[in-house]
Each structure stands twice: as structure tokens, then as C-alpha cells.
Amino acid sequence: MFTLRTRTNSAAFTADMRRPFEWFFGPDPFEGVLSDRATAAPQFWAHRDDEGLTVQADLPGVSQEDLEVNIEAGQVKVSGKRTLPVPEGYRALRQERVAGRFTRRFRLPEDVSTDAAEAKLLDGVLTLKFPLRPDKQPKRLEIQVS
Amino acid sequence: MTEPTKSAPRSFATPAVDVLESDLELLLLADLPGVKKTGVKLHFEEASLILEATQSDGQHVFRRSFALSENVKTEAIEAKLEDGVLAVHLPKVAPPKPLEIPVH
């Protein structure tokens, strides 16, 4: 028996190729959580220790040019944007990652210095470090031997 | 105004992913902030692609699994991590070429 693969058959194959998507994901118990996240701003964490204040933000795929950190009157403003263009020739089957502009402000505690502040972007995480002001740093007394 | 607080204990997280499709491949993009190349593990288990990624400070572990269909060329899968985003290229098995009969 001899069969010809016709255009109709080829269309059927195309439809079949789309199926991987349905098969790609198993049942996702976090579905609701993730769709909530779609409207949320990037997550920030702050941590205080003897050296000062560290603030971190998850910003995967955000480039340095698209990120700005400003300090004014004891208030820090982190703003930027994440663009997630679909490359040419591709179409999106599922989009959970959040794109768009974001701004986050927070007030600095009195005892940290903005002069020696540092900002670093590594592996999609922004780290801001605000060291304690010199006059607020814990002092160690030299013990004099008489 | 949010007053900075001490970081909450972290544990397992489900990474947000995008799935894109072209004629040739499926492209999986996963947000893995704070993860370095050495922290990513991708492996197969019962026709599923399993992603496990640990942040370099050890605080967070991202986990997710994806059921793969038969028409993904598993042996040709490639992955790349850049700025906390993992891109996994899953090539499709080549579709059969439409057969045309030349007319003489």
C-alpha cells in the first residue's frame, strides 16, 4: 500500500506539534500564586547587621542600563524596567514572568551612611549596601597594659 | 513606606517561567535570581525535565518539573544561564517534509 503525505496531513502534524505545550507542564499547584505575582513588584529583602543595612531585590534579566537607584533626603528610590520581548519567529505559549516598569521607595535609618553606599547587580540580584555611619559604628576600646 | 525588616527565612520556590515556541524548538525561560551556573541542575526522570537551582547564598532552592512530549529531541537540549535567567532550548523532532511530486 502506498500513501501520499498531503498538505492536509501536514496541517494535522502542525496541530500535533502544538500539543507539546499541553504536555510540557504537569498540574501546577502554584498556578494561582504565580498569577498573583504577575501584578506584584519585584521582591525586596532587607537585612541589618553590625556593618550596616543591606537591601536586595530579585531582578532577573534586568540590565544595568534599565535600572536606577537614587538617594534623596534619606529616601532610596529603586526604579527600572524589564522588557521581555518575544523573539521573531517565536510565539508565547505561557508567560508567567513579569515585564514592565517598577518603582520601590524606602526610608533609610538614621544611623547609616549614604556617602559610602554601594550598589551591585549580579546574577539578577541587586544588592545595596549602606554601611553604618562612622560615629555609629561599634567601638572597641584598646586595653592599656600598665 | 516599607520599613526594612530582617529577611524572612527562605526555602523552596517555584520559578516563574515563559515558554515560547518556534517552528524548530520550544524555548523555556526561567527566572532564577541569585543562581550561578554551578547551582543549576537539569535532569530527566520518567520523561520529565526536572529543574533544580540553588542560589549561591544557599537561601533559596527553585524547583520545577516539565513533562516533555515525545517530539522533543531530548539529546539535543541546550541550556544557558545569564543574569539570573535560564534559557533552555528544546529542539523539536524535524517534521516530515511535505512531499511534492515533480511534474514532467
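Below, chains carry the letters A, B, ... as their sequence lines are ordered, and counting in each starts from 1.
- Taking A:Ser63, A:Gly89, A:Ala57, A:Pro87 one by one and counting their heavy-atom pairs under 4.5 Å with chain B, the maximum is reached by A:Gly89.
- Of the inter-residue distances, the one linking A:Tyr90 atom OH with B:Leu26 atom CG reads 9.5 Å to the nearest 0.5 angstrom.
- The main-chain N or O of B:Val17 is found under 3.5 Å from a side-chain atom of A:Glu96 such that the two form a donor-acceptor pair.
- Checking side-chain atoms of A:Asp123 against main-chain N and O of B:Lys36 turns up no donor-acceptor pair under 3.5 Å.
- Taking hydrophobic clusters as Ile, Leu, Val, Met, Phe, Trp and Tyr residues chained together by side-chain heavy-atom distances below 4.5 Å, B:Leu42 shares a cluster with B:Phe66.
- With values rounded to the nearest 0.5 angstrom, B:Asp31 atom CG is found 7.5 Å from A:Leu84 atom CG.
- For a residue to count as touching a neighbouring chain, one of its non-hydrogen atoms must lie under 4.5 Å from one of that chain's; by this rule A:Leu121 does not touch chain B.
- At a 4.5 Å heavy-atom cutoff, the contact between B:Leu32 and chain A is made by backbone atoms alone.
- Under a hydrophobic clustering in which Ile, Leu, Val, Met, Phe, Trp and Tyr are joined whenever their side-chain heavy atoms come within less than 4.5 Å, directly or via other members, B:Leu29 and A:Leu93 fall into different clusters.
- Enclosure of atom CG in A:Asp135 by more than 12 non-hydrogen atoms of other residues, nucleotides or ligands within 6.0 angstrom is indicated.
- By the side-chain hydrogen bond (donor to acceptor under 3.5 Å, both in side chains) test, A:Glu68 pairs with A:Asn70, sequence neighbours left out.
- At a threshold of 4.5 Å between side-chain heavy atoms, the hydrophobic network of Ile, Leu, Val, Met, Phe, Trp and Tyr places B:Leu90 and B:Phe44 in one connected group.
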Do any side-chain atoms of residues 74-88 of chain B form donor-acceptor pairs under 3.5 angstrom with protein atoms, and if so which ones, sequence neighbours left out?
none

